[in-house]
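Heads up: the structure comes next, in structure tokens.
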Amino acid sequence: LVATDFSECSEIAVSFALAMAKKVGADLYIMHSMTSTISITLGRLLERLIAEEQFRETKVKTITEVGDPGLAILRQIKEVKADLVVMGSKGTSGARKLIGSTTTEVISRSSIPILAIPEGSSYSDFEDIVFMTDFNEGDLSALKEILRWASYFNAQLRVLHLFTEDSLQELIRFRGFKEVAKEDIPYEKLSFERVFNPSFDEGFFNYMKTRNPQLLVLTRYKKTLFQKLTEPDHARDIGYNATIPFLVLPAEQYVEKQQ
């Protein structure tokens, strides 16, 4: 399921969703949420959009709704039984501006993964994927889920632990997670990295600048990695232009799998 408001940012998200649907053989739902019936002409524009040649190899359906975009997307997730939502995100620089308000709302409440495509992104296969972990309860199951993505794209899969306080306990947790993951996930391109920085946001953005992966994966827990990247107190403008897609996984289902 991909949402569009016909802006340049959302059209980039549509191009990502189309390319991915072609690659994995998925059905594609393109939806537009109208603020009022006055914008009904946009519904017709949506029909014209999928008539273009690029959509002919994929099974595409269109959806138009009237009302709040975030609530409409959450409703359609259930209606069409979507496996993934792709959304454009008007991020610029600094952690708080990385993900827009509607996208943040959907991520916070969605029961399925959300792929956020920042403004200025251009599609390429996800050949380098970074999975961030704080060793939470569902992280191992979530990592196994991302293995499917890595396999589709024959990607390098990097497991990143970013920490702000160095301690023996932290090192033991890292080594324990690494050992268990390697036993459970037989993937040649799987690697693990520890990055220390007293400032979480500075450490994160410096890492992104250095590695420049094609996809960043986060699990959404209460008051953990996703919140650290979006809360105001972590929102210093570090001058990093966010062009890396984010895949955010709802932690609850992975905690249940792991139990």
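- Here CG of L190 is found 9.5 Å from NZ of K178. Values are rounded to the nearest 0.5 Å.
- Residues passing the side chain to side chain donor-acceptor pair (under 3.5 Å) test with R109, sequence neighbours excluded: none.
- With sequence neighbours excluded, no residue forms a salt bridge (charged side-chain N to carboxylate O under 4.0 Å, His left out) with D68.
- By the 4.0 Å N-to-carboxylate-O rule, D27 lies too far from K61 to be salt-bridged with it.
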Inset, instruction - Run the numbers on L247 and W149 for side chain to side chain contact (heavy atoms under 4.5 Å, CB included), then give the verdict. - result: CA-CA 11 Å; L247 179 67; W149 285 61; 3.8 Å; yes
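- Closest approach of V180 to L140, counting heavy atoms only: CG1-CD2, 3.6 Å.
- Residues L74 and S110 have side chains in contact (heavy-atom distance under 4.5 Å, counting atoms from C-beta outward).
- Annotation for L143 and A181: closest pair CD2-CB, 4.1 Å, computed over non-hydrogen atoms.
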Inset, instruction - Dump the intermediate steps for side chain to side chain contact (heavy atoms under 4.5 Å, CB included) on I12 and E119, then the final yes or no. - result: CA-CA 8 Å; I12 293 171; E119 194 172 32; 5.6 Å; no
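- Judged as a salt bridge (charged side-chain N to carboxylate O under 4.0 Å, His left out), and not counting sequence neighbours, D83 has no contacts.
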Inset, instruction - Begin from the C-alpha positions of E79 and I63 and carry the test side chain to side chain contact (heavy atoms under 4.5 Å, CB included) through to its verdict. - result: CA-CA 11 Å; E79 287 288 328; I63 302 167; over 6 Å; no
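- Taking both residues in full, the closest heavy atoms of P250 and P113 are given as CD-N, 3.7 Å, listed atom of the first, atom of the second, then distance.
- For the side-chain contact (heavy atoms from CB on, under 4.5 Å) test, residues two or more places apart in sequence or in another chain that qualify with A72 are M31, S33, E65, R75.
- Within the structure, the ring-ring contact (aromatic ring centres under 6.0 Å, His included) test picks out the following pairs touching residues 7-29 (sequence neighbours left out): F16-Y123.
- Contacts of F126 classified as ring-ring contact (aromatic ring centres under 6.0 Å, His included), with partners at least two apart in sequence or in another chain: F153.
- Applying the side chain to side chain donor-acceptor pair (under 3.5 Å) rule to S10 yields the partners T4, D5, S7; only residues at least two apart in sequence or on another chain are considered.
- Rounding to the nearest 0.5 Å gives a distance of 4.5 Å between CD1 of I77 and CD1 of I112.
- Heavy-atom minimum distance, L28 versus A21: CB-CB, 4.3 Å.
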Under 3.5 Å, side-chain donor or acceptor atoms of residues 156-164 against the rest of the protein: list the pairs with distances, not counting sequence neighbours.
{"from": "Q156", "atom 1": "NE2", "to": "K189", "atom 2": "O", "distance (Å)": "3.0"}
{"from": "Q156", "atom 1": "NE2", "to": "S191", "atom 2": "OG", "distance (Å)": "3.1"}
{"from": "R158", "atom 1": "NE", "to": "D128", "atom 2": "OD1", "distance (Å)": "3.0"}
{"from": "R158", "atom 1": "NE", "to": "D128", "atom 2": "OD2", "distance (Å)": "3.3"}
{"from": "R158", "atom 1": "NH2", "to": "D128", "atom 2": "OD2", "distance (Å)": "3.3"}
{"from": "H161", "atom 1": "ND1", "to": "T133", "atom 2": "O", "distance (Å)": "3.0"}
{"from": "H161", "atom 1": "NE2", "to": "E170", "atom 2": "OE2", "distance (Å)": "2.9"}

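- Of all non-hydrogen atoms in A142 and T219, the two that sit nearest each other are CB-CG2, 3.5 Å.
- Considering only residues two or more places apart in sequence or on other chains, K182 meets the salt bridge (charged side-chain N to carboxylate O under 4.0 Å, His left out) condition with none of them.
- Counting only heavy atoms from C-beta outward, the side chains of I244 and V130 never approach each other to under 4.5 Å.
- Remark: E193 pairs with Y207, R211 by the side chain to side chain donor-acceptor pair (under 3.5 Å) rule, at least two apart or across chains.
- Of all non-hydrogen atoms in P245 and P118, the two that sit nearest each other are CA-CD, 3.6 Å.
- Ring planes of F174 and F192: perpendicular class, angle over 60° (limits at 30 and 60°).
- For F177, the ring-ring contact (aromatic ring centres under 6.0 Å, His included) partners are F135, not counting sequence neighbours.
- Remark: the backbone N or O of S199 is paired with a side-chain donor or acceptor of N197 at under 3.5 angstrom.
- Taking the salt bridge (charged side-chain N to carboxylate O under 4.0 Å, His left out) definition, one finds that R175 meets it with nothing, sequence neighbours left out.
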Legend entry - L215 and L115: CA distance, side-chain angles, deciding distance, side chain to side chain contact (heavy atoms under 4.5 Å, CB included) verdict: CA-CA 9 Å; L215 178 66; L115 179 60; 3.6 Å; yes
